[in-house]
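Values below: every heavy atom of this structure, side chains too, minus hydrogens, waters and symmetry copies. Chain letters run A, B, ... following the sequence lines, proteins first and then strands; every chain starts at 1.
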Protein chains: 2
Amino acid sequence: MKRKITLKQIARELDVSISTVSKALSNSKEISEDTTQKIQAFAKLYNYKANNIALSLKNRKTKTIGILIPEIVHHFFSTVIRGIERVANRRGYNVIVGLSNESFTKEIINMEMLANGSIDGIILSISKETLLKQDYHHFNATINQGIPIVMFDRVVNEVDCDKVIVDDFNGAVKAVKKLVENGCKNIALITTMDYVSVGRLRTQGYLEALGLSGIEANSNLILKIDDSLDVENHLDILETEITQFFKANPNIDGLFAVNELYAVSAMKVARKLGLTIPDDMQVIGFTDGVLSKHATPSLTTVSQHGQKMGEQSANLLIDRLEAEDNDNEQYFTNNPKDHDFIKVVIETEIIERESTK
Amino acid sequence: MKRKITLKQIARELDVSISTVSKALSNSKEISEDTTQKIQAFAKLYNYKANNIALSLKNRKTKTIGILIPEIVHHFFSTVIRGIERVANRRGYNVIVGLSNESFTKEIINMEMLANGSIDGIILSISKETLLKQDYHHFNATINQGIPIVMFDRVVNEVDCDKVIVDDFNGAVKAVKKLVENGCKNIALITTMDYVSVGRLRTQGYLEALGLSGIEANSNLILKIDDSLDVENHLDILETEITQFFKANPNIDGLFAVNELYAVSAMKVARKLGLTIPDDMQVIGFTDGVLSKHATPSLTTVSQHGQKMGEQSANLLIDRLEAEDNDNEQYFTNNPKDHDFIKVVIETEIIERESTK
DNA sequence: ATATTTAACGAAAACGTTTTCGTGTTGACA
DNA sequence: TGTCAACACGAAAACGTTTTCGTTAAATAT
């Protein structure tokens, strides 16, 4: 078991100084061609690679970015990670992942763990509990420490940073409009409680689309699910709620759900109630994941383009990191550019499948 | 924007030496109570936290473990990550993720990126291309550099390291036996090409179960899918293959599929062909993911317990890392324990749902 | 022959810690 | 009064780099 070789060992072995080795390996022309070749040959032989940690310490940057998300067993979030990893890798960065598990405390602990030198910047999506508490001091704290943050999807105005969001509002508008165009008269909505911003925005989009179409919103047609409980493991509850909802409103002929789980569950319930989709009821969900694609009938959805969100987030963050590098060489450290934060909006797209006509 | 405070700054500010500050913060009794209090108060005020990178360099260990998997938008793999992250976090480790994207080259590049000091050990699952090439030198190389590896799920005998696998063979046996018990006479298999070990093992389990039940295997009832192509994006191809398969074998009354995508697709095809599940055909899939749970009818599956695999892998790795620490204090560095590698087998479990009687 | 440039290399600082090993001051004790 | 612990602290090395700034010797210019 050979430990990795270091500059010092090469130097000792070849009877030169550490500086000489370092320079030779970076092809400095301070070093004669002879020694350079000798050193490079030796280094290659022993497969020398500079130690990342030492470089990080010296350069005061780690070339790794942190990701902090609520959950990873989740199609959307893992898609975002894939996008982040893709551009991070291409641009020479590593990716370190932390999971908040929707918990405020774990979010803070993770942030602090990451902010102690492990990473140059953070890409995150806020946990539900944090959104509920509306306590964002930990974000501002790390930003103040000079660690840039990019927020995606679940963002919040109280924190000044770059943001990448999907156009939840217009996505919902598009979806509901399509239902209207397809002839639906009584369009229902299944949504979450309002504190998750994306749910709120999608609800607003639903209302807006109805308004634009001259349809009066009917609060009976809106079902709000308390997603503080872990729905994945309480499918039965979800399904009974939907069953009651459908029974109470037999006139529903169109349904918009703010996520694919609600949509797919609704289709299941509908079928049990003897309804045919899309003939008796058309359904559109938000978030294009595996469920939508493989459900029967397959589900028409509003795609969020998670991978693109990840890529944009990573590019935004790395751009800012590398801009900082240049700033340091400028005369003004506090140049105004630092406070021009960017908000990227990813356009949604409706993917039509079998659940609509 | 305040940069993080360092020992040196505290020392200068309080007019003591760096060593004193360091000792005071670790409650060394070399330092008087007065100074200790003063320093600790100051440190708390400025929210001092030791810089991780500096610690890593000094201690020659990073307290982070690398994960290298083929794909992250994948229920099983993300479940494993969740498990790893969970125990890593509990035991004070960070987690850094690399994706091979099923590519041999990306796997190597990622390994080298990680092995240059960024991590203490690696947990990985081998990419398809690597399995196909059967070239495992990069794994052995990093092991030889003193970086322990734990392989999960897709493992290989040619590399000496700890391994965590699911009992693919017996899982398949159980599944097929259940089909037999449920009265199936003509049990089909949908599987992958043989180079992915897990597919091969599950196929063998299928054959074994048939043998045990006194049923003669019929090669016509085995459909091998070439999963070198990206099936997710070529569902149509998959479905037509299955359609032909079913049409050619109308006597099929039971089906075992080596993953849930194949199983769900098969159910879809079966329904289109007018078959009712589970009445006309019972179906069991391997890998318990979202699809299985939410399909209609919901799918009986063999659960791999991904999270448990992740947790076991992480524990195995960290155990070894921390055992090494102690070994260094022993007289023998090359003690025989180093070569006793552990293979943990996670038992599968059949989760019964609507697709079987 | 002397001054000056150039080539080739080494010493040392710096990044932020921890830890070992001094060192000076105090108080107790003989 | 002289000796010796005990106490409280500082200097410096080490982890592995890169980079600045010497320094030496040879080569060139004057």
| Under 4.0 Å: is that the gap between some side-chain N or O of Tyr48(B) and OP1 or OP2 of dT17(C)? | yes

| Ion pair present between Lys133(B) and Glu158(B), side-chain N to carboxylate O less than 4.0 angstrom? | no

| message | Angle between the two end axes of the helix from dA1(C)-dT30(D) to dA30(C)-dT1(D), five base pairs per end, rounded to 10 degrees? | response | 80°

| field | Residue of the set Val21(A), Ile10(A), Leu25(A) for which side chain to side chain contact (heavy atoms under 4.5 Å, CB included) holds with Phe42(A) | value | Ile10(A)

| said: Test your reading of the model: is there a side-chain donor-acceptor pair from Asn51(B) to the backbone of Ile53(B), 3.5 Å cut-off? | reply: yes

| request: State whether Arg91(B) and Asp319(B) are salt-bridged, where the test is any N-O pair (Lys NZ or Arg NE/NH1/NH2 against Asp/Glu carboxylate O) under 4.0 Å. | output: yes

| message | Taking Lys343(A) first and then Asp162(A), would you say they form a salt bridge - that is, a charged N and a carboxylate O separated by under 4.0 Å? | response | no

| query | When you measure from every atom of DNA chain C, which of residues 4-15 of chain B have a heavy atom less than 4.0 Å away? | reply | Thr6(B), Leu7(B), Lys8(B)

| field | Residues Lys128(B), Glu107(B): salt bridge by 4.0 Å N-O rule | value | no

| task | Kindly write out the residues that satisfy ring-ring contact (aromatic ring centres under 6.0 Å, His included) with Phe139(A), not counting sequence neighbours, or none if the list is empty. | result | none

| said: Taking Glu112(A)'s backbone N and O only, do any of them form a donor-acceptor pair with Asn116(A)'s side chain (distance below 3.5 Å, no angle check)? | reply: yes

| Can you check the Ile18(A) CD1 to dA14(D) P distance for me, whole Å? | 11 Å

| said: Donor-acceptor pair, distance only, cut-off 3.5 Å: does the side chain of Lys163(A) make one with the backbone of Val159(A)? | reply: yes

| query | Is Glu71(B) salt-bridged to Arg82(A), cutoff N-O under 4.0 Å? | reply | yes

| note | In numerical order, the residues of residues 23-39 of chain A whose heavy atoms come under 4.0 Å of DNA chain D are Lys23(A), Glu30(A)

| Looking only at heavy atoms, what is the nearest atom pair of Ser118(B) and Asn52(A), with distance? | OG-ND2, 3.1 Å

Atom pairs and distances, donor-acceptor, side-chain atoms in residues 148-157 of chain B, under 3.5 Å, two or more places apart:
unit_1    : atom_1 : unit_2    : atom_2 : d
Arg154(B) : NH1    : Glu102(B) : OE1    : 3.0
Arg154(B) : NH1    : Ile126(B) : O      : 2.9
Arg154(B) : NH2    : Glu102(B) : OE2    : 3.0

| task | Would you jot down, in residue-number order, the residues of residues 50-66 of chain B having a non-hydrogen atom under 4.0 Å from DNA chain D? | result | Leu57(B), Lys58(B), Arg60(B)

| task | Flag yes if more than 12 heavy atoms outside Asn27(B) fall under 6.0 Å of its CG atom; otherwise flag no. | result | yes

| message | Less than 4.0 angstrom between a side-chain N/O of Ser17(A) and OP1 or OP2 of dC9(C), yes or no? | response | no

